[in-house]
Q: 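A single structure is presented below for examination.
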Amino acid sequence: MKISALDLKKQISPIRGEIDSAIKDVIDNAGFVLGTGVGKFEENSAKYCGVKYAIGVSNGTDAIALSLLALGIKPEDGVICPAFTYYATAGAVAGIGAVPIFADIDKDTYNISLQSVEKILSGKNKLKIKAVIPVHLYGACADMGGILKLARKYKLKVVEDAAQAFGAEFKGRKAGTIGDCGAVSFYPGKNLGAFGDAGLILTNKKSVAERLIILRNQGNKNKYYHLLLGRNNRLDTIQAAVLDVKLKYLDLWNKKRQEVAQYYNCNLKGINIKRPYVSGYTTHIYHQYVLRAPFLNKGIVEYLQAKGIDSRVFYPLPLHLQKCFKYLGYKKGDLPEAENAARHTFTLPIYPELTRKELDYIIQSVKEKING
Ligand SMILES: Cc1ncc(COP(=O)(O)O)c(C=O)c1O
């Protein structure tokens with residue numbers, strides 16, 4: 001059997017007619033960048049998230065970078081983010097000239113550790129630390145209550161990296177709507193994926209939203225009059241049109257992912273493996289279904305791959321040990337939980353269209369390897 005990590009063709013096929021017609025409308029109207037479809041999608045996603053402003057941008061990385069810029073983060077400011085996340089979280093920080101400061105993660109949730117953040121903030125810092133980026137990794141929210149408390153105490157801006165968690169909820173509030181800004185990615189493989197790159201910024205703050213609208217479009221307030229040092233981070237109308245069609249199905253797809261996760265959870269009970277831990281304050285939309293093996297993940301990933309199952313490691317090397325961040329001066333052992341997670345965690349395929357037969361085959365294969 002061959003089971004991919006994700007099968008977008010199966011997702012698109014039943015809604016193909018709707019999507020084709022939405023794309024045709026964009027072509028007919030020929031407003032390809034920030035056209036009317038962008039405004040419509042922004043409105044619908046703001047409504048979906050229960051937030052005042054949703055601003056469409058080019059991708060999730062730019063959503064983080066623009067949020068930081070709009071909140072006044074400057075070159076050489078320190079920005080705390082977890083070491084165990086996708087590169088883009090810290091890449092966006094470094095990209096605007098600010099300095100990533102890596103925090104360790106909680107060993108159960110894989111999200112940023114409040115103790116680690118507080119340790120950084122209460123220690124001696126060469127840099128002025130101005131912001132924190134909690135990442136809602138794999139589709140479950142970080143402890144935003146704790147993050148907001150620390151942010152108030154140390155006067156930090158909060159940019160939620162909700163790239164993997166669009167639709168997840170922290171105590172009934174949508175991921176990305178709790179901090180000063182929330183950054184969302186619609187990379188095709190995300191739970192809500194575009195047909196290319198796309199992203200969104202969520203905020204309840206009018207002044208921040210106004211700055212974001214200017215910053216994403218070359219700093220233009222009125223055409224050819226540039227108020228701010230902006231960038232070209234606009235959202236394509238075709239992407240917005242595709243996303244607007246797919247948004248209607250997101251809750252159903254997320255529910256199906258939760259059912260797949262539940263099936264895995266039930267059937268992997270009793271074997272020597274750590275299943276996903278979901279804190280009481282968050283829902284989990286299972287962008288990834290992540291297990292922790294008692295041994296190095298390499299062995300089990302190779303075993304599953306050999307059986308045709310596309311298991312992966314997100315992420316095999318924490319950011320503080322990446323070559324590109326060597327200049328920050330971290331070394332092995334500095335952030336042990338991030339390093340442990342990188343060595344022991346691995347994913348199982350998760351998407352709404354997986355069949356019972358495929359799931360049983362995956363479960364059987366995991367058991368074979370774990371039980372030896
Ligand atoms: C946690 C996290 N942050 C940021 C990003 C960046 O999003 P994009 O690929 O849309 O730039 C991603 C996407 O892969 C992500 O998973």
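We count ligands from 1, going down the list as the structure has it; atoms in each ligand are counted the same way.
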Q: Mind checking what makes salt bridge (charged side-chain N to carboxylate O under 4.0 Å, His left out) contact with K190, not counting sequence neighbours?
A: none
Q: Without hydrogens or angle criteria, can the side chains of N111 and Y138 be said to hold a donor-acceptor pair below 3.5 Å?
A: no
Q: Does ligand 1 have any atom that is closer than 4.0 Å to a heavy atom of D197?
A: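 Not so, D197 does not reach ligand 1.
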Q: Measure the distance from atom 11 (O) of ligand 1 to every protein heavy atom, then report the residue, atom name and distance (to 0.1 Å) of the closest one.
A: T61 OG1, 2.5 Å
Q: So, the side chain of D236 versus the backbone of I238: is there a donor-acceptor pair under 3.5 Å, distance only?
A: no
Q: What protein heavy atom sits nearest atom 15 (C) of ligand 1, and how far away is it?
A: A163 CB, 3.5 Å
Q: Hey, which atoms in ligand 1 end up nearer than 4.0 Å to a heavy atom of A88?
A: 4 (C), 5 (C), 6 (C)
Q: Side chains of E118 and Y154: is there a donor and an acceptor less than 3.5 Å apart?
A: yes
Q: Identify the protein heavy atom lying closest to atom 16 (O) of ligand 1, giving its residue, its atom name and the separation to 0.1 Å.
A: Q164 NE2, 2.9 Å
Q: Against ligand 1, does H136 come closer than 4.0 Å with any heavy atom?
A: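 In this structure, H136 fails to qualify as a contact of ligand 1 - no heavy atom is under 4.0 Å.
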Q: Does any donor atom in the side chain of Q11 or Y249 lie under 3.5 Å from an acceptor atom in the other side chain?
A: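 Side-chain D/A pair, Q11 to Y249: absent.
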Q: Could you list which atoms of ligand 1 come closer than 4.0 Å to a heavy atom of T85?
A: 1 (C)
Q: Distance to 0.1 Å, residue and atom name: give those for the protein heavy atom nearest to atom 13 (C) of ligand 1.
A: K190 NZ, 2.8 Å
